[in-house]
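Worksheet: one structure, shown below.
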Protein chains: 2
Amino acid sequence: MVATSCFADRLAKHVPLSDAERKALTRLEENPRKVKRGAMIQRVNDTVTELFVLREGRVMSFVILPDGSRQILRVYFPGDFIGSASTIYSKAPESLVALSDAIICPFDKHALRRLLEEYPRVAALLFLLSNAERVALTDRLASLGRTSAKARVASFLLDIFDRLRVTDDSIVDSFDLKLTQEEIGDAIGLTSVHVNRMIRRMEQEGLIGRANGRITLLDLARLEEIGHYTNRHKDMDLDWVPSLN
Amino acid sequence: MVATSCFADRLAKHVPLSDAERKALTRLEENPRKVKRGAMIQRVNDTVTELFVLREGRVMSFVILPDGSRQILRVYFPGDFIGSASTIYSKAPESLVALSDAIICPFDKHALRRLLEEYPRVAALLFLLSNAERVALTDRLASLGRTSAKARVASFLLDIFDRLRVTDDSIVDSFDLKLTQEEIGDAIGLTSVHVNRMIRRMEQEGLIGRANGRITLLDLARLEEIGHYTNRHKDMDLDWVPSLN
DNA sequence: CGTAGTCTTGAGTATGGTCAACCGCGGTGG
DNA sequence: CCACCGCGGTTGACCATACTCAAGACTACG
């Protein structure tokens with residue numbers, strides 16, 4: 001039996017992969033490692049030469065500012081490609097911590113380089129994905145820079161929702177956020193107290209529902225309007241990568 | 001005489017390029033186009049298939065939110081690679097406008113694809129650069145999410161300063177910002193009024209000087225401390241790309 | 001010399017932060 | 001088995017940072 005690569009599966013959702021490509025991608029996930037919730041995977045300023053594919057669970061990247069406040073930079077889900085900054089910086093610019101029990105697959109940055117040399121289609125795919133990540137970041141930048149607390153919460157929930165749905169077809173309108181309100185706040189530049197106020201208000205207004213940790217999005221249209229949210233996944237088009245034959 | 005590629009020059013500052021690579025990169029800049037200050041290069045939601053290398057002048061990318069407010073996502077300088085989102089999205093997620101008279105070199109996204117197929121080292125380089133851009137964005141994200149108005153102004157000035165120095169050795173401690181205070185505000189999530197107050201205060205405190213549009217950074221150490229700024233260029237290491245031979 | 005854009009400053013306001021208290025729940029150890 | 005502890009959520013009172021509105025000054029350019 002061949003071990004499957006969740007990263008390959010993720011990519012194959014967009015473009016067909018050759019067996020050789022799939023095999024090469026699987027090799028990145030040869031060394032899966034279990035990590036417990038709260039475990040530090042990478043610490044800011046550590047010397048790093050590794051990247052990761054997240055196979056299971058959730059991970060976040062963040063920085064701590066000198067005054068102790070934290071900015072969560074990105075929340076990662078299974079199939080995500082993590083820590084590519086180590087290709088260009090010798091010291092990690094961000095920390096990585098598991099948000100839940102997780103399985104990560106570390107591999108050396110030189111293994112990635114060889115992969116890209118041998119498989120130009122994979123190189124093209126990674127280039128595309130990093131552009132998608134870039135746009136996700138600019139969306140949040142606009143959210144932090146120019147929108148109200150309520151809008152930030154709304155767009156954050158929608159973003160997580162849509163990203164989870166990319167890989168999990170069973171999600172219809174509710175999902176496990178698995179983040180504390182403090183973590184939400186640290187992701188969108190608010191305090192936990194104010195996140196709570198916003199969430200409660202949105203609940204009272206019938207925009208969202210909550211039941212033992214699960215969030216239900218009750219009025220997607222209004223949430224998107226409030227959050228000035230655009231679903232980027234719809235417009236994504238991976239035809240740019242060379243075709244298989 | 002061969003037309004030089006400012007993009008190749010930029011890359012060559014980090015890693016040696018072969019003649020063939022240099023030539024291929026130069027081909028991206030075969031169609032330079034002059035644009036006037038204020039000219040719209042790309043409008044959000046337009047169908048796009050082009051990318052650009054900025055040869056001369058300054059360009060910004062931004063979005064306008066439904067309430068009319070603007071978030072500037074990135075300011076670009078000569079040698080920068082612009083608009084790579086068009087490789088993955090058919091509709092532009094951001095607008096591009098010239099901040100000064102500029103020369104841009106548009107090329108088709110398929111030309112880029114062919115380049116990456118033929119020149120894996122260039123593909124690796126672009127992958128690296130997009131990672132550097134990603135870190136620059138996360139730095140600003142942390143700035144917007146978790147730091148005060150004064151800190152944002154300080155780190156923004158330092159960022160521009162350091163980026164200009166990458167290509168312009170003549171810069172010692174002063175530079176032409178070429179941005180209105182409203183534009184600064186739109187980049188760091190403040191109003192022009194408040195940007196003005198911060199700048200004036202920093203001037204009075206002897207942190208910066210101003211003379212007909214030129215900004216002088218008088219106390220780099222304190223500015224870096226105030227802005228929680230890290231110069232990412234110092235730690236950059238392009239050794240990851242395959243060597244030439 | 002007039003006009004438009006930018007800068008500057010003040011007065012008043014509001015959004016979101018701070019501080020503090022309390023609740024509820026799940027885990028843990030006596 | 002239950003008391004205790006600690007974390008996360010909830011709420012209120014108060015505060016501060018940055019926004020809004022508005023007016024006037026400066027500058028560049030026709």
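Everything numeric in this text was worked out from a predicted model, so none of it was measured.
Rounded to an integer number of Å, the gap from A:Asn196 CG to C:dT18 P is 15 Å. Nucleotide C:dC7 holds its P atom 16 Å from the CE atom of B:Met198, rounded to whole Å. A straight line from CD1 of B:Ile199 to P of D:dA18 spans 14 Å, rounded to a whole angstrom. Residue B:Leu190 contributes atom CG, which lies 16 Å from atom P of C:dT8 at whole-angstrom precision. One atom, CG of B:Asn212, and another, C1' of C:dC7, lie 15 Å apart when rounded to the nearest Å. We find that CD1 of B:Ile184 is positioned 12 Å from C1' of C:dT6, with the value rounded to whole Å. Across the protein-nucleic acid pair, A:His194 atom NE2 and C:dA14 atom C1' stand 11 Å apart, rounded to whole Å. If you measure from atom NZ of B:Lys36 to atom P of D:dC29, you get 13 Å, rounded to the nearest angstrom.
No more than 12 heavy atoms of other residues, nucleotides or ligands lie within 6.0 Å of CD in A:Glu56, so this atom counts as exposed by the packing criterion. Within a 6.0 Å sphere centred on CZ of B:Arg43, heavy atoms belonging to other residues, nucleotides or ligands number 12 at most. A 6.0 Å sphere centred on CD of A:Glu182 holds no more than 12 heavy atoms belonging to other residues, nucleotides or ligands.
Here the CG atom belonging to B:Leu157 is positioned 6.5 Å from the CD1 atom belonging to B:Ile184, to the nearest 0.5 angstrom.
B:Ser148 comes within 4.0 angstrom of the backbone, heavy atoms only, and of no base. Counting non-hydrogen atoms under 4.0 angstrom, A:Gly189 reaches the backbone sugars and phosphates but no base. Within 4.0 Å of B:Arg210, counting heavy atoms only, lie sugar-phosphate atoms of the nucleic acid but no base atom.
Regarding contacts with the backbone of C:dT8, a side-chain N or O of B:Gln181 is found under 4.0 angstrom from either OP1 or OP2. The side chain of A:Thr191 places an N or O atom within less than 4.0 Å of a non-bridging phosphate oxygen (OP1 or OP2) of C:dG17.
Below 30°, between 30° and 60°, or above 60°: for A:Phe107 and A:Phe81 the angle between ring planes is between 30° and 60°, a tilted geometry.
The A:Arg197 side chain lies nearest to C:dT18 when the options are C:dG16, D:dA22, C:dT18. When each of C:dC7, C:dT18, D:dG9 is scored by its nearest atom to the side-chain atoms of A:Val193, the top-ranked nucleotide is C:dT18.
For the pair B:Arg146 and B:Glu182, nearest-nucleotide mapping onto DNA chain C gives the more 5' position to B:Glu182.
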